[in-house]
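As the structure lists them, so they are numbered: ligands from 1, and atoms in each ligand from 1.
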Amino acid sequence: MHLLIATCRVQVLRSDPSKGEKSAYSQYDVPRTEETSVLDALLYIKDNIDGTLAVSYSCKQQRCGSCALKIDGRVALGCFTPVKDGQVIAPLPGFAVVRDLVVDWTPYERKMLDLLPSTSEEPNRRRRAATEKERTLAESAATCIRCFSCVAVCPSVDITSPVGFAGPAISVALATYMDVDESSGGLASSAMEAGLEFCTRCGACNTVCPAGIDVVASIQGLQDIAGESGAKGKALKEMVRGYL
Ligand code: SF4
Ligand code: SF4
Ligand code: FES
């Protein structure tokens with residue numbers, strides 16, 4: 001049993017765009033123990049104060065990635081962040097708000113599905129075996145919980161343009177294919193289509209990732225694979241090198 005420490009007051013940014021509502025902060029007082037997370041506080045509000053509050057969550061254990069929010073100006077998982085007095089809670093930036101703290105990831109997920117290579121592509125043609133480093137990157141990328149926190153902080157992502165940067169979460173999804181030797185032809189073309197040259201290596205994605213994935217290294221690994229895959233890939237690699 002956890003002892004109540006105090007009641008704390010939080011501000012939650014709320015809106016219902018379907019009704020043409022502008023967003024506005026609402027203030028709530030919630031009980032807090034040393035174990036209470038931001039998500040716990042939001043669910044307390046929903047269950048005890050205002051059942052209309054829209055919140056996205058599933059596992060409550062930092063596994064499903066659905067509770068990413070902007071908390072006191074920083075992107076973080078609601079279930080992994082302790083609630084504090086005076087906290088300001090807003091939806092994940094960079095995505096359209098559905099209602100309150102729920103955002104629409106669909107366009108980004110659609111782009112991800114479009115870019116993922118087909119493992120059945122070139123079934124009888126193997127490239128060189130994946131390197132140890134590529135296997136390690138693929139293993140790490142597989143721990144992605146698809147919270148899209150990295151996308152929210154990325155200054156370069158642009159999925160509205162066909163030649164824009166698909167962003168860090170798609171890059172990590174592509175990196176999971178690095179240890180699938182047969183798919184490398186498809187992976188190289190997906191990597192080239194992902195606009196990786198527009199990544200500035202600012203590292204914001206690495207800093208925010210709750211799974212500790214080295215997103216920047218994943219992008220570098222994909223660029224290397226693209227660079228090995230013919231003239232267009234080589235040109236891309238040279239361009240990236242010149243950029244660094
Ligand atoms: S390092 Fe690249 S992918 Fe990561 S946040 Fe910066 S620009 Fe985006
Ligand atoms: S790479 Fe990290 S921050 Fe990005 S979606 Fe995956 S778990 Fe979230
Ligand atoms: S509720 Fe699943 S990661 Fe927070």
State the atoms of ligand 3, each with its element, that fall below the 4.0 Å cut-off from a heavy-atom position in [X].
{"X": "Gln62", "value": "3 (S)"}
{"X": "Arg63", "value": "3 (S)"}
{"X": "Lys60", "value": "1 (S), 2 (Fe)"}
{"X": "Cys79", "value": "1 (S), 3 (S), 4 (Fe)"}
{"X": "Cys59", "value": "1 (S), 2 (Fe), 3 (S)"}

Exercise for review: Of the side chain and backbone of Ile219, name the one, both, or neither that has a heavy atom under 4.0 Å from an atom of ligand 1.
Suggested key: side chain

Point to revise | Selection from Ser156, Gly167, Cys205 by shortest heavy-atom distance to atom 4 (Fe) of ligand 1 | key: Cys205

Review point. Evaluating non-hydrogen atoms only, which member of Ala68, Cys64, Ser56 is closest to atom 2 (Fe) of ligand 3?
Key: Cys64

Review point. For Ser66, what residues pass the side-chain hydrogen bond (donor to acceptor under 3.5 Å, both in side chains) criterion, not counting sequence neighbours?
Key: none

Review point. Is the backbone of Ala166 close enough, under 3.5 Å, to the side chain of Tyr108 for a donor and an acceptor to pair up by distance?
Key: yes

Practice item. Below 4.0 angstrom from a heavy atom of Cys154, which ligand 1 atoms are there? Numbered from 1 as shown, please. Key: 3 (S), 5 (S), 7 (S), 8 (Fe)

Practice item. Check whether any heavy atom of Ser58 sits under 4.0 Å from an atom of ligand 3. Key: yes

Practice item. Please report the number of protein N, O or S atoms that lie less than 2.8 Å from atom 8 (Fe) of ligand 2. Key: 1

